[in-house]
Amino acid sequence: MSSVLLKNIGTIVSGDITAPILGGNAIIIEGGKIQKVGNESELNVSDPDVTIDCASTTVTPGLFDSHCHVVLGDYTPRQKQTGFLESEVHGGVTTFISAGEVHLPGRPKDPAGTKALAILAAKSFANFRPGGAKVVGGAVILEKGLTEKDFEEMANEGVRTVGEIGLGSVKNPEDAAPMVKWAKACGMTIMMHTGGTSIPGSSTVTAEMVIQTAPDIVSHINGGPTAVALDEVKRLVTETDLALEMVHCGNPKIMVEAANLCVELNSLDRIIIGNDAPSGTGVVPLGILRVIAHLASLSSIKPEEAICMATGNTARVHKLSRGIIAEGLEADLVIMDAPMGSVGEDALSAIEAGDVPGVAMVLVDGEIVVSKSRNTPPPVRKPVVR
Ligand SMILES: [Zn+2]
């Protein structure tokens, strides 16, 4: 397995919200995993296969899109586009979490078909890396008639997630809560649509319904796209310890108000970031970077904290061994800098000024999958591969 040295790093954002910035200027990768982080002079580097001179840019963990409505392959029937996942990798995303394959034309709603779709999507995405990125696919939509045994079977076949509760026929807490218990017992992570009805056929979900159902994640606390009222947001922040997702295709005003509330209540470790696309809003290749820039420029969240929300926080909620720059974890990384023409002098100050940073390089498991983003503005400084 090959070794990679990243040197001359200007800033390392850890992905760990309890210590967002790491000291040091170098990262060593061995066999796709992060081996060491620190100052190059102290790391005992022995002739790596690949050296990337980062030219004083910023290195972050690969970003997560915590809310992606994949179906199969890199195609969305919702907006009839191919390559939307690969396009998002050019916006720094290296892990996509399915929120439910709800856009499959003719999606079956009986237990056998529902189960089959979740298992097929989980197994298909386990073998398929669009643009090099990892997709956690196969998020089962809760439909009436699913049994405890069905959840055990799905978990054994690789289904890790319950897609947004509220998209299927199981809508009320009385119906959903028992299934949530079965899913949790199998180690699944559970998402729940929150807020107004998204598309015809889905339903409006209130804070009270979320509290009674007890999922793991309040999906789009800022609406997908219609948000709950601010006092409902307050209930979800203060009366639960659930993960709080903020999405691009939601309500920007409630996002900022919810973010400031989380700062006040010391709950930044609960925020995760998603696109909620493909959806009626479209596909948004730079959505995760844009939410990071929105939070860091319009709320009191710092840019490095916003990056941790889209990396380590999401990885923790979904129990994935990446999203933090630390020894032994998967080496999914983004190299970024201020975009040309920004008032910011580096990636973090550009983000704080509200600009989307320039993505210079993306690595997955230590392999370069993007060497120049076709979607962000060009970065001022560019890493060089030796
Ligand atoms: Zn939703």
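Because the structure is predicted, anything quoted here is derived from the model rather than measured. Counting starts at 1 for both ligands and their atoms, in listed order. We're numbering straight along the sequence, starting at 1.
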(message) Testing Lys134, Arg322, Lys33 one by one against Asp365 for a side-chain hydrogen bond (donor to acceptor under 3.5 Å, both in side chains), which residue passes?
(response) Lys134

(message) If the threshold is 4.0 Å, N to carboxylate O, is there a salt bridge linking Glu101 and Arg107?
(response) no

(request) Take the Zn ion (ligand 1) as the centre and count protein N, O or S atoms at distances under 2.8 Å. (result) 3

(message) Check the orientation of His294 and His248. Use parallel for under 30°, tilted for 30 to 60°, and perpendicular for over 60°.
(response) parallel

(request) Kindly determine whether Arg374 and Glu86 satisfy salt bridge (charged side-chain N to carboxylate O under 4.0 Å, His left out), including the steps that lead there. (result) CA-CA 11 Å; Arg374 65 164 188 262; Glu86 189 228 352; 3.2 Å; yes

(message) Test your reading of the model: is there a side-chain donor-acceptor pair from His69 to the backbone of Asp276, 3.5 Å cut-off?
(response) no

(request) Show your working on salt bridge (charged side-chain N to carboxylate O under 4.0 Å, His left out) between Lys115 and Glu157 and close with a plain yes or no. (result) CA-CA 10 Å; Lys115 196 164 66 171; Glu157 297 295 343; over 6 Å; no

